[in-house]
Each structure stands twice: as C-alpha cells, then as structure tokens.
Asker: 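I have a structure I would like to understand better, so I am pasting it below and will then ask my questions one at a time.
A, B, ... follow the sequence lines: proteins, then strands. Residue 1 opens every chain.
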2 protein chains.
Amino acid sequence: MSQAVVPDLRNCSDCPIRHRAVCARCEPTELALLEKIKYYRRYSAGETVMWAGDHMDFVASVVAGVAALTQTMEDGRTQMVGLLLPSDFVGRPGRSTAAYTVTATTALTMCCFHRGPFERMIDTTPHIAHRLLEMTLDELDAAREWMLVLGRKTAREKIASLLAIIARRDAALANAAQGRGLVFELPLTREAMADYIGLTLETVSRQMSALKRERVIEITGSRQITVPDMDRLLLEAGDDSDGGYLN
Amino acid sequence: MSQAVVPDLRNCSDCPIRHRAVCARCEPTELALLEKIKYYRRYSAGETVMWAGDHMDFVASVVAGVAALTQTMEDGRTQMVGLLLPSDFVGRPGRSTAAYTVTATTALTMCCFHRGPFERMIDTTPHIAHRLLEMTLDELDAAREWMLVLGRKTAREKIASLLAIIARRDAALANAAQGRGLVFELPLTREAMADYIGLTLETVSRQMSALKRERVIEITGSRQITVPDMDRLLLEAGDDSDGGYLN
DNA sequence: TCCTCTCTTTGATCTGTGTCAAGGTTAACT
DNA sequence: AGTTAACCTTGACACAGATCAAAGAGAGGA
C-alpha cells in the first residue's frame, strides 16, 4: 500500500518537479510553499494507484518508475491511453475525480501535491500555469501521434513504434550516450504492451519474435531489449520523420 | 460573460472566442487588444488550411463550419487526429510550425490572432492561459477517449461512437431541444469518417447500411442522419457511461 | 532441489475487415 | 435535359490478427 513520506530535502533534489515539471522558474518563496504541500507515495509493480471515478485530492508527478493510464469497457476490453514516465504529471487541476485508472507497472514513486493549495498556487503563479499548459500540449501531441499508430499501423509497425518510444524516452532520461547499440529494460508485460497498441498479447509475442528473428532487436530474458540500429527500428515503425520531439 | 463595449460588436458577437475560448473574463482593455490582433479567414469545403510543417504565424478559433486535423504516413495512410467544431482552438502558443494538416470539411470560418501579440497577451493575462489550459485538457480527454475507440472497438462500435460524438456536439451547439428524434447533418464524407475511425470507406459504408437496416439510425440522402433513440446508439457504441462530458 | 505461479512462446484454426471491382446516386454545370 | 465528376453502395475474395489451446521459461518459496 501507499505510504506518505515526510518531506525530505535530499530526496527533493531528485524530484523532477523541481527540475522540469512545475517549478523550473519558481522563486524561493514559491518553492518553500511547494515543499509544504508535497508528499511522496510509493507503489509496487502491479498495484493500482487509483480507479477511474475515484475521488482524488491531489495532483502528482512521477519521480521514479512507470505507471499506465488505462480505460476499460464493461466487457473487459482495455486500452492504455498514456504511459507515465519520470517527470510526467498526473491529475487535472480543477477536477476532483480521476478520469482514468492509474496502475504502477514497475515500482513507482510519486510526488504528490494537495490539490486545493496547488490550484491556488496556479492562480497566483503564472509560470506554473504556463508550464502546465506546455506539458499538457506535449501530452496531447503524444496522444495524437498514438492515434495514428492505433488507427493505421500494422501489428509489426505498432510494436516497432512502441519500442521506439520507450527506447527514445529511456535514452533521453538516462544513458544519453548510445554509441550505436541502445539497451533498455521493457517496463511492460506483453499484456500491457498489447493494451497499449490495441493488439492481443499473442500477437505482441509473435511480432517480438519476428523482429528478433530478423535482427531488428535482440531480446535477453524477455524484458531486456537491445536495439543495434535505431534507424532500422524507426523504419520498421513506419516513421517518416525521425519521429522525435524529445521535449 | 463580459459586457464590455468594444469595436465591431456585431462581427465579434459571432466569434466564439468572445464567449468560450479565450476572453470570457477579459477586461475591456484586453478585449480591445484582442480586437486589434484578430482577423477572419474563410475556406470552402475540401480546402486545406495548412499543411503539417507549414510556418504558422497565427493561432485561431473556429467560428463556423468543421475542420479536420490529420496526420499522413509516407505511403498515404491517413489518420484524423481531431475534429474541429465551432469554438475549438487551433495552433499552439510557442510553436511556429503546424504539427498537423488542417483541412476544411465544410465551409469554414476561423477567427485568427497574430501569434506574437497573442503570446504576449497570454503572458500578461493569467486567465487566458488558464482558459487555454482547460481547453487543452478537454482536448486531451477527447483524444484519449478516441484511443479506446481506435484500439479496442469493432467497426460497428466505431461508427456508432462517431455518430454519437457528432450528434452530441451538434445538439450541444444548436438544437438543444431533441424531443426523442435527433436530426443532424454529417459534416464528413465516408472517406473522412474512415480516416477518423481507422477503417476503410467501404467498411464505413457497410456498417452505416447495417445500422440503417436495423433501425438504429435513419439516413436521408447519405448525409442527413436521424437518431430515433440516442440510448440505443450509445449502446451500439459500447459506451458504458453516458459517455458525455459536453464541457 | 523441487514446486508453483506468472509470464511468455508457439501452433492451429477462425473471422472481421481490407482489397479489388463494378455499378448506383447526387449535384453541379453546359 | 444531358454530361460529368465526385461520392456512395454492394459483392466476392483474401489475409492480418484474434481466438483457442498447450507447453516452455523464470523467479520465488518450501
């Protein structure tokens, strides 16, 4: 279960809120206020952070780990509508119920802010609203890019697109030095991948095998992926451009 | 709503910017500034407003008509990623190139604002940024709802979902009094519908015929749709909830 | 070490939707 | 009224991906 953790400045220097999400240009007094209304929650892989429709008295930013936003139909069909990586923002100022189910797909740490005070800060601190607008626009672009994947790409292209996105974001966050031979850990099960790209898990597995057989990727122990040639992968993904806004 | 006296009231009173999009709470001086930087553009059905990658020196709001945001792959596969109805906003503050191709699907009138001055207004007028954030979040929700449609619904459910969305938005905009028997004009060709829901135009046509045959809808002259029972349509769409945030 | 549970792979078969092709309908223009 | 071009419908068939089924692989616990 989640447990609130006492604010801790050491920890906070790792908190992407400080760096990217909200307070890149905050004044010391504003930062102090953010410190006061923030707390941490931790979840383990597979745990559900919140269910669609739940009351939500906070907004949050992912500090570490990966979470999935999903929507489910009555009969159980599930579609992932967003993948939350470190620095991504969860929750909507001005709305008190969750629109989507949020699930931790790996161990997850979130930095939460009480919603009331946070909304008041937005009103009085223009650059926070500005930053939120930018982040939301980025998410909208990502969602629209994904609509093309869901609507028009083949199974193989979908897999390649998903791998490319994760590889790229991973590279942006961590090992920026990919001297031809990018390695990363897949933070998703085959089923979660299937839910992301609108396929069945069997098809995902088959296409992964096919990409492996044809040396587009290497797979170690089903979760560690090596991409010998990123351009090749992007070609398989059907991306005309380099596909890449990295923020 | 603001009652401020401003230049060109007649013209402006038709402009949804005034009412919904940007300046619902603007001061008279701000409204006067908006008046100065705004102008109108008109397009006829089928015309392309801008191509993905074009330089864009304005942002805009749809006043009348319908426009489509589309993305296209090298080989011609096309996906619509947004449908712009009156009061919807186009363009991204802080970005000078268009991310998507915008096409008028009916006669279209847009109210445009020069980008530079508009961005300066955002910085100095907090509630405009606030309003933009809200609109962007609504669009994000719509995009994510659409991801479920694209990824997990059958052809029949996709068609029903599309009809439901258009019917609902049409009803919200115009004939609020739908005494069981909602009638509206489809602003899209079969091909545009197919591009929206990730099908071929033949499948769209077949499913429309099937829905007609089974009395879920009536079709007059291929474009005018009557929905005798909205609940039935929503059932066909697979929507568990009423599906409806109308803003 | 063996057990067990979860995740993954692979095979056989079925089906919804795409593809190809032909013909019908509508509306604008001469 | 006739011509033309765009749009729409319907049919026959093919195929990508779903479904059903079974077995392999890996990790944690006794």
Asker: With the side chain of B/Ser209 defined as its heavy atoms from C-beta on, choose the nearest nucleotide among D/dT10, D/dT9, C/dG18.
Answerer: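 Out of D/dT10, D/dT9, C/dG18, the nucleotide with an atom closest to B/Ser209's side chain is D/dT10.
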Asker: Would you say D/dC8 has OP1 or OP2 under 4.0 Å from some side-chain N or O of B/Arg223?
Answerer: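 Looking at the OP1 and OP2 atoms of D/dC8, one of them is under 4.0 Å from a side-chain N or O of B/Arg223.
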Asker: Rounded to whole Å, how long is the line connecting atom CD of B/Gln207 with atom C1' of C/dG16?
Answerer: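 It is 9 Å, rounded to the nearest whole Å.
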Asker: Between atom CG in A/Leu186 and atom P in C/dT8, what is the gap in whole Å?
Answerer: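 Taking CG of A/Leu186 and P of C/dT8, I get 9 Å after rounding.
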Asker: Relative to the 5' end of DNA chain D, which residue comes earlier, A/Val204 or A/Gly221, by the nucleotide with the nearest heavy atom?
Answerer: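 Of the two residues, A/Val204 wins.
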Asker: Taking atom CD of A/Glu191 as the centre, does the number of heavy atoms from other residues, nucleotides or ligands within less than 6.0 Å exceed 12?
Answerer: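 Counting neighbours around CD of A/Glu191, 12 or fewer heavy atoms of other residues, nucleotides or ligands fall under 6.0 Å, so no.
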Asker: Would you say the side chain of B/Arg206 and the base of D/dG11 hold a donor-acceptor pair, judged only by whether the two atoms sit under 3.5 Å apart?
Answerer: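 Between D/dG11 and B/Arg206, which were checked side chain against base, a qualifying N/O pair under 3.5 Å is present.
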Asker: Between A/Leu233 and A/Val216, is any pair of side-chain heavy atoms under 4.5 Å apart?
Answerer: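 With C-beta onward as the side chain, the pair touches.
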Asker: Specify the separation, in whole Å, of atom CG of B/Leu201 and atom P of D/dC7.
Answerer: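 These atoms are roughly 11 Å apart.
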Asker: B/Arg156 near the nucleic acid: base, sugar-phosphate alone, or nothing, with a heavy-atom cut-off under 4.0 Å?
Answerer: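 B/Arg156: no heavy atom of the nucleic acid under 4.0 Å.
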Asker: Can you measure B/Arg77 atom CZ to C/dT19 atom P for me and round it to whole angstrom units?
Answerer: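 The answer, rounded to whole Å, is 9 Å.
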Asker: Identify, between B/Gly198 and A/Ser205, the residue whose nearest nucleotide on DNA chain C lies closer to the 5' end.
Answerer: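 By nearest-heavy-atom nucleotide position, the 5'-most residue is A/Ser205.
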Asker: I want to check something: taking the side chain as every heavy atom from C-beta on, are B/Leu163 and B/Glu236 in contact at a cut-off of under 4.5 Å?
Answerer: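 No - every pair of side-chain heavy atoms lies 4.5 Å or more apart.
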Asker: CG of A/Leu150 versus C1' of D/dA16: gap in Å, rounded?
Answerer: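 Atom CG in A/Leu150 sits about 17 Å away from atom C1' in D/dA16.
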Asker: What is the separation between atom NZ on B/Lys153 and atom P on C/dG16, rounded to the nearest whole Å?
Answerer: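 Value for this atom pair: 18 Å.
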Asker: Between A/Met50 and A/Tyr100, is any pair of side-chain heavy atoms under 4.5 Å apart?
Answerer: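 SC-SC contact between A/Met50 and A/Tyr100 ruled out.
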Asker: What contact category does B/Gly46 fall into here, base, sugar-phosphate, or nothing, at under 4.0 angstrom with non-hydrogen atoms?
Answerer: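 Nothing: the residue B/Gly46, judged by heavy atoms under 4.0 Å, touches no strand.
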Asker: Would you mind classifying the nucleic acid contact of A/Thr200 as base, sugar-phosphate or nothing, using non-hydrogen atoms under 4.0 angstrom?
Answerer: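 Base, at least one base atom sits under 4.0 Å.
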Asker: Whole-Å distance between C/dT9 C1' and A/Ile219 CD1?
Answerer: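 Nearest whole value for this atom pair: 11 Å.
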Asker: Just call it for B/Leu199: base, sugar-phosphate, or nothing, with non-hydrogen atoms closer than 4.0 Å on any strand.
Answerer: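 Answer is sugar-phosphate: B/Leu199 comes under 4.0 Å of backbone atoms only.
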Asker: If the threshold is 4.0 Å, N to carboxylate O, is there a salt bridge linking B/Arg41 and B/Glu47?
Answerer: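 So B/Arg41 does not pair with B/Glu47 through a salt bridge.
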Asker: Could you work out which one of C/dT17, D/dT10, D/dG17 sits closest to the side chain of B/Ala155?
Answerer: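 Closest nucleotide to the B/Ala155 side chain: C/dT17.
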Asker: Does B/Thr203 put a side-chain nitrogen or oxygen below 4.0 Å from OP1 or OP2 of C/dG18?
Answerer: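 True: B/Thr203 side-chain N/O within range (under 4.0 Å) of C/dG18 OP1/OP2.
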Asker: If you take atom types as modelled and just measure distance, does the side chain of B/Glu202 reach the base of C/dC20 with a donor-acceptor pair under 3.5 Å?
Answerer: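 When only heavy-atom distances are counted, B/Glu202 does reach the base of C/dC20 through a donor-acceptor pair under 3.5 Å.
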Asker: Quick one: does B/Ile225's side chain get under 4.5 Å of B/Thr220's, heavy atoms only?
Answerer: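 With C-beta onward as the side chain, the pair stays apart.
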Asker: How would you label the contact of B/Thr189 with the nucleic acid (heavy atoms, under 4.0 Å): base, sugar-phosphate, or nothing?
Answerer: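 Sugar-phosphate contact only.
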Asker: From CD of A/Glu191 over to P of C/dT6, roughly how many Å is that when rounded to an integer?
Answerer: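 Taking atom P of C/dT6 as the reference, CD of A/Glu191 is at 12 Å.
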